[in-house]
Amino acid sequence: MIVKQIYDILRRNELVNTMEEYSVDWLMRHKSTASYLVHKKRDLSIGAKISLLSKIKAKITSIYSNQISLSLNPNLICNLKIAETIIAKDIEKMFNLQIKINNT
């Protein structure tokens, strides 16, 4: 499930501490959304995936402009790009769409 995969990536990189924080700050949903989806073995809606992809892209851009984050965690960009790719490939597969991912 993408909801859990992305949460695990963000948590490992210390971008979230709890599922509640992930739900509110990254999914822009109610604080119990991620926990509920995992519990029910359901995944994010297409709208939530697109929104999350947008948040991840914005975070990557933000990190590039703030080099301090990269010196603290040099793998941060790489891990966020992995999350970006996971979501983009899922959207491509579901809707036969091409999602542009910058490889900078």
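Note that the numbering runs from 1 along the sequence shown for the chain. Just so it is clear, the values below take in all heavy atoms, side chains as well, and ignore hydrogens, waters and symmetry mates.
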> Does any non-hydrogen side-chain atom of Ile6 lie less than 4.5 Å from one of Leu44?
no
> Is there a side-chain contact between Ile63 and Ile77, using heavy atoms and a 4.5 Å cut-off?
yes
> Applying side chain to side chain contact (heavy atoms under 4.5 Å, CB included), name anything that partners Lys55, two or more places apart in sequence or on another chain.
Trp26, Met28
> Rounded to the nearest 0.5 Å, how far does CG of Leu52 lie from CD1 of Ile87?
3.5 Å
> For the CG atom of Leu53 and the OG1 atom of Thr85, what is their distance to the nearest 0.5 Å?
9.5 Å
> Tell me, please, which residues at least two apart from Asp8 pass salt bridge (charged side-chain N to carboxylate O under 4.0 Å, His left out).
Lys4
> Tell me every residue that passes side chain to side chain contact (heavy atoms under 4.5 Å, CB included) with Ile50, counting only those two or more places apart in sequence or in another chain.
Ile46, Ile91
> Can you hop from Leu15 to Val24 via hydrophobic side chains spaced under 4.5 Å?
no
> Lys49: what forms a salt bridge (charged side-chain N to carboxylate O under 4.0 Å, His left out) with it, not counting sequence neighbours?
Asp90
> With sequence neighbours excluded, give me every salt bridge (Lys or Arg N to Asp or Glu O under 4.0 Å) pair touching residues 11-37.
none
> Could you give the distance from CD1 (Ile56) to CD1 (Ile86), rounded to the nearest 0.5 Å?
8.5 Å
> Could you state the interatomic distance from CG (Leu80) to CG (Leu10), rounded to the nearest 0.5 Å?
6.5 Å
> Listing request: all side chain to side chain donor-acceptor pair (under 3.5 Å) pairs with a residue in residues 32-42, at least two apart in sequence or in separate chains.
His30-Ser32
> Can you list everything that forms a side chain to side chain contact (heavy atoms under 4.5 Å, CB included) with Ala34? Sequence neighbours excluded, please.
Val3, Met19, Tyr22, Ser23, Leu27
> I'd like to check Leu76 versus Ile60 (side-chain heavy atoms, cut-off strictly below 4.5 Å). Are they in contact?
no
